Amino acid sequence: MIKNWIREKLIKTLDKMGIEEIPDFKVEIPLNNFGDYSSNIAFLLSKKLKQNPRNIALDISKHLLDDKEYFNKIEVAGPGFLNFFLNEKVYSEFLFFEYENPQYWKKANNKKILFEFASVNPTGPITIGHGRQAVYGDILCNIFQTRGHSVEREIYLNNAGKQIRLLGRSLWVRYNNLFKNNYDIPEGGYKGEYLIQTAKKLKDEIKDKFVDKWDSSIADFFNQYAFEAMFEGMKETFDNLSIKFNNIFKEKSLVDDGSVDKVLKELEEKNLTYESEGALWFKVSRFKDEKDKVLIKSDGYYTYYLTDIAYHINKYNRSYEKAYDILGADHVGHLDRMYAALDAFDIPESFLIFILHQYVNLKKNGEIIKMSTRAGNFETLDDLVIAVGKDATRYFFARFDPDTQMLFDIDLAKQKTNENPVFYVQYAHARISNIFKNASEKNVSFDEISTMKNLNSEEEKNLIKEIDRFEEILDSILIDYKINKLTNYLESLASFFHGFYSKHIIVDENDIKTTKERLALCKAVQNTLKGGLSLLGVSAPENM
RNA sequence: GUCCCCAUAGUUCAACGGAUAGAACAGCGGAUUCCUAAUCCGCAGAUGAAGGUUCGAUUCCUUCUGGGGAUACCA
């Protein structure tokens, strides 16, 4: 990265000047062509050296200019910015490297980490809100992977709790009503049409076997049947978005294999539980400034909290370096409770990182609607994918800062998909493919490049600078998890390319030397676009 | 009440404490004898309010206003 290169030059120079303890300074691409790159280092040193930042900057620039072959000019501007104007040689070297290493941003994987996301109640079709999380999680995993982490994607399915029992009973009602009975969906049950379809399928299989019959083993059957049916649907939805999980973890397995009981026993031994009002409580307040929470309800059933503790202990014992949980904003209350539980089992907080994202508001027929799976009134992710396609769906979700509520205008998404900027980025990629087609028709090859010194225009320099930002963007996402920086970047890169394209003829038979260098530049742009799109899980078409 | 997230152009979104706050869509005006006009160029348009910290604040702190979420023996 050019920025890092300048940074190192600066550090060396400061060292030469005898300045120790160099503060954490920045090198950035300034607005308005103040320079190719700029740094704020002089401001940060000013307090320590008790000097005017301008004088410090002047001093640094003098020392740096010993490197005549790399810097055309170094200006000190404003109150003390250092503005660097680089020699073509620098760009040429960096572009050459990127051109020769088509996947220059990839790093070897080492750290083993776990991502849990899209863990929903398997009680119905996936909503658009959860679609955001699924797409977000998948893309974040891709980025971690490409920057050197060994990532596992895991989905946790709550198939042991109250909701699954409600689902099973709701299915039973739908099934019975196919026989002209008239049972009511239970309070809080699932009223969506989709259970009628499942009930019909079940009727074909078992005929009238359970009509008007209900006991605990029949309930188990319906719970299980409904769960499997819903899960099949979920898998299909994820498949349509190319989201694949390495591990599917079922809550029930923790109950069945005794993990949950083991957790209970240990907590009791540590004297961290107590009974009250017929329920068993965990002393959360011992660890965090939070209310105590129920582990076993007075009806004898386990809470989600209890099984989730067992689940996270299980994660820890699988020896990942870190575990990331991606959750909707409605889970904020869960964070401290889970850390309290980890604390009780001597698991360091640093092991688990929560990433919260806000949910999606839907706009349909000009109205903002609230989604609710249980009311049976919601927009499914499948509908969206059918309407706008996989690429646009993934790209659209990726574009938003996860911390902000996003407004999803369904009518707009369904009608005018051309407004989606994914096409803008894809078009830049396709355009480049076409340039190569054109070049090969004119018998211009581009395989004997040794330098790129003819790429002197503003457009070309800016394009090289923009390519050079890619790795930096990816690394910053590892820190703040804002994947929208990637879509933002790709749009910007595409824009620089479109601008370059419209101003310069790339394949020019009268100037083969420049043509070859421009083709190499195009190749580097295309590789980067393709790399970014593939991290997003969006296709990079050759034609549009 | 308390806690968490958010508030930027008509709309949907950007901006690592930096210099003149960027795009896209919508609006207006242009560009194609030449590699795809799904493109490009130009015009117009914004930091919710008030304080504070700083050489410098959309960004950090406080208060207020507005939206969403949490405050379950739901998950």
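In what follows, every chain begins at residue 1, and chains take the letters A, B, ... in the order their sequences are listed. The figures that follow rest on heavy atoms only: side chains count, while hydrogens, waters and symmetry mates do not. Since the structure is predicted, the reported quantities are computational estimates derived from the model, not experimental observations.
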* **Spacing of the C1' atoms in B:rA46 and B:rA7 (rounded, Å)** =>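 Between the two C1' atoms, the distance is 12 Å.
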Could you give the [atom1]-to-[atom2] distance, from [X] to [N], as a whole number of Å?
X	N	atom1	atom2	result
A:Asp330	B:rC74	CG	C1'	11 Å
A:His334	B:rG69	NE2	P	20 Å
A:Glu472	B:rA15	CD	C1'	13 Å
A:Arg399	B:rA15	CZ	C1'	14 Å
A:Ile309	B:rA75	CD1	P	13 Å
A:Arg469	B:rA14	CZ	C1'	11 Å
A:Tyr301	B:rA72	OH	P	23 Å
A:His331	B:rA70	NE2	P	10 Å

Hey, is the side chain of [X] poking within less than 4.0 Å of OP1 or OP2 on [N], counting only N and O atoms?
X	N	value
A:Asn488	B:rA15	no
A:Lys26	B:rG18	yes
A:Lys503	B:rU39	no
A:Lys291	B:rA72	yes
A:Arg518	B:rC35	no

Under 4.0 Å, heavy atoms only, any strand: does [X] hit a base, just the sugar-phosphate, or nothing?
X	value
A:Ser119	nothing
A:Arg54	nothing
A:Asp480	nothing
A:Glu277	base

* If you pin A:Ile29 and A:Ala430 to their nearest nucleotides in RNA chain B, which one's is more 5'? ->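 Comparing both residues, the 5'-ward one is A:Ile29.
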* To do: Starting from the 5' end of RNA chain B, give me the residue, A:Ser276 or A:Ile435, whose nearest nucleotide shows up first.
  =>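 Closest to the 5' end, via its nearest nucleotide, is A:Ile435.
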Using a strict cut-off of less than 4.0 Å between a Lys/Arg side-chain nitrogen and an Asp/Glu carboxylate oxygen, indicate whether [X] and [Y] qualify as a salt bridge.
X	Y	value
A:Asp401	A:Lys482	yes
A:Arg518	A:Glu460	yes
A:Lys516	A:Asp511	no
A:Lys461	A:Glu459	no
A:Lys3	A:Glu28	no
A:Lys297	A:Glu275	no

* Which listed nucleotide (B:rC74, B:rC16, B:rC13) is nearest to the side chain of A:Lys162? ->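 Of the options given, the side chain of A:Lys162 lies nearest B:rC74.
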* Asked: Of all the nucleotides listed (B:rU39, B:rA19, B:rC35), which has the minimum atom distance to the side chain of A:Arg431?
  ->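 So the side chain of A:Arg431 is nearest to B:rU39.
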* Is a side-chain donor or acceptor of A:Asn40 paired with a backbone partner of A:Lys26 at a separation under 3.5 angstrom? ->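 At least one qualifying donor-acceptor pair exists.
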* Would you mind reporting whether A:Asp325 and A:Ile353 have side-chain heavy atoms less than 4.5 Å apart? =>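 They are not in contact (no side-chain heavy atoms under 4.5 Å apart), so the answer is no.
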* Asked: Is atom CG of A:Asp299 surrounded by more than 12 heavy atoms (other residues, nucleotides or ligands) closer than 6.0 Å?
  ->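 More than 12 within 6.0 Å, yes.
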* More than 12 heavy atoms of other residues, nucleotides or ligands under 6.0 Å from NZ of A:Lys503: is that the case? ->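 Open: at most 12 neighbouring heavy atoms sit under 6.0 Å from NZ of A:Lys503.
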* Evaluate the criterion side-chain hydrogen bond (donor to acceptor under 3.5 Å, both in side chains) for residue pair A:Asn247 and A:Glu154; output intermediate values, then yes/no. => CA-CA 5 Å; A:Asn247 315 318; A:Glu154 183 157 302; 2.8 Å; yes
* For the base of B:rC73, is there a side-chain donor-acceptor partner from A:Thr303 under 3.5 Å away? ->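 It does not, because no donor-acceptor pair links the side chain of A:Thr303 to the base of B:rC73 below 3.5 Å.
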* Neighbours of RNA chain B within residues 249-256 of chain A, by heavy-atom distance under 4.0 Å ->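 Residues of residues 249-256 of chain A that come under 4.0 Å of RNA chain B do not exist, since none gets that close.
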* Asked: What does nucleotides 1-8 of chain B look like as a protein-contact string, B for base, S for sugar-phosphate only, - for none, at under 4.0 angstrom between heavy atoms?
  -> ---SSS--
* Under 5.5 Å and under 30°: A:Phe43 stacked on B:rG56 ->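 No.
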* Distance from A:Ile355 atom CD1 to A:Leu140 atom CG, nearest 0.5 Å? ->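 Between atom CD1 of A:Ile355 and atom CG of A:Leu140 there are 5.0 Å.
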* Might you point out which heavy atoms bring A:Val284 and A:Lys293 nearest each other, and give the distance in Å? =>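 Shortest heavy-atom contact: CG2-N, 3.8 Å.
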* Given Watson-Crick or G-U pairs with both distances under 3.5 Å, what dot-bracket string fits RNA chain B, with | for other-strand pairs and [ ] for crossing? -> (((((((..((((....[...)))).(((((.......)))))....(((((..]....))))))))))))....
